[in-house]
Structures are given as C-alpha cells and as structure tokens.
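Atoms within a ligand are numbered from 1 in the order they appear, just like the ligands themselves.
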Amino acid sequence: MAKRALVGIVMGSESDLPVMELAAKALDRFGIPFELRICSAHRSLHATLDYVKKAEARGIQVIIAGAGGAAHLAGVIAGQTTLPVIGVPLASSPLKGLDSLLSVAQMPGGVAVATMAVGESGARNAGVMAAQILALSDAALRRKLVSYKEALASEVGEKNRRLQRRRP
Ligand code: RP5
C-alpha cells in the first residue's frame with residue numbers, strides 16, 4: 001500500500017509541472033511520500049481552499065506551493081493553515097519570475113511563506129526544505145540529509161579536481 005503523503009506539492013497550472021517535478025524528485029531522494037495537485041488561487045479558489053482545509057487531517061505536514069505571474073497561491077494557502085508553507089516563484093510570465101518572486105515573498109505580517117529561489121533551484125530547494133522541516137522529528141531522515149550535504153560537498157570537490165587536471 002502506498003504510504004500516506006506527508007508533503008503536498010500544489011501548483012497553479014499544469015504548465016508549472018515540469019519545474020515542480022524537481023520538488024518531487026528531491027522528496028523522492030529522501031523517501032518522503034508526497035502528493036501533487038493542480039489548484040489555482042485565481043482560477044479555482046474554492047478547490048484550493050477545500051484542499052487546504054482537509055490537508056492537515058489527512059496527514060500532510062508541509063505544503064509546497066509553486067505558481068507564476070501574480071503568484072498568490074502560497075500566500076492564500078498560508079492564510080488558511082498553520083502548516084508550514086514553502087513558496088516557489090515560477091518564471092512563467094513575460095516578467096520572468098520577478099513578478100512571482102515579489103508576489104510570493106511580500107506577505108503581510110502574520111502570514112508566513114518560506115520563499116525559495118525562482119524556478120528550478122527553488123523547486124528543488126522546496127523539497128530539501130520540506131525534508132529539513134520533517135527531519136526535526138525524524139532522526140533517520142536527518143541522517144539522510146547529512147549524507148546529502150556530504151554528497152554535495154564531494155561533488156564540488158570532484159569538479160575541482162577535474163578542473164585542476166585540465167588547468168593545473
Ligand atoms: C499561474 O499562471 C500559474 O501558476 C502559471 O505559472 C501561470 C500560467 O498558467 P497557464 O496559463 O499556463 O495555465 O497561475
């Protein structure tokens with residue numbers, strides 16, 4: 001039987017999926033069960049609110065919300081839940097994500113969204129951030145995160161060694 005999702009990855013449009021898959025990939029790497037949903041703060045507000053209202057009772061502990069343009073999805077969700085909400089601004093409009101970044105980050109006091117970088121790095125980091133939140137109460141997951149950080153460092157070391165061989 002599939003494990004109950006701990007993280008909800010929501011996005012404003014199907015067109016956001018290729019980037020938001022990177023959040024899913026990061027969670028997969030740590031073995032964290034998640035679910036993916038398309039729901040929009042503007043085009044399907046009622047479905048979004050319905051999802052948020054039921055999420056905690058279903059076992060969701062962190063919500064990742066990715067949207068582009070006037071990206072209100074993460075903020076609308078954060079206004080309706082005490083679960084941690086991680087916002088991913090997407091570069092899907094002619095303004096290339098600056099609009100989304102400001103929409104996700106500039107929340108009014110009292111309603112917190114943890115805003116990631118624009119685009120692919122942000123989506124990947126949203127998965128890592130969700131893992132770090134969950135690791136606060138999961139020692140095995142914390143160990144996986146420690147190895148992940150070590151792997152990042154050794155990748156850089158390897159690239160540096162390759163460069164030194166080419167350009168001593
Ligand atoms: C936002 O508008 C979505 O999050 C997406 O990034 C953007 C464009 O959506 P589509 O027109 O491709 O559905 O709400």
key: Close residues, ligand 1: non-hydrogen atom nearer than 4.0 Å   = Gly12, Ser13, Ser15, Asp16, Arg43, Ala67, Gly68, Ser92

Greater than 12 external heavy atoms within 6.0 Å of Glu158's CD = yes

key: CA sep, side-chain torsions, deciding dist, call: Lys54, Asp50, salt bridge (charged side-chain N to carboxylate O under 4.0 Å, His left out)   = CA-CA 6 Å; Lys54 295 174 181 160; Asp50 187 58; 3.1 Å; yes

message = My understanding is that only one of Ile86, Val62, Leu134 makes a side chain to side chain contact (heavy atoms under 4.5 Å, CB included) with Met129; could you say which?
response = Ile86

ask   = Is there a path from Ile64 to Met11 through hydrophobic residues (I, L, V, M, F, W, Y) whose side chains come within less than 4.5 Å of each other?
value = yes

query = Do Ile32 and Leu36 share a hydrophobic cluster (ILVMFWY, side-chain heavy atoms under 4.5 Å, transitive)?
reply = yes

remark   = Arg4 meets the salt bridge (charged side-chain N to carboxylate O under 4.0 Å, His left out) criterion, sequence neighbours left out, with none

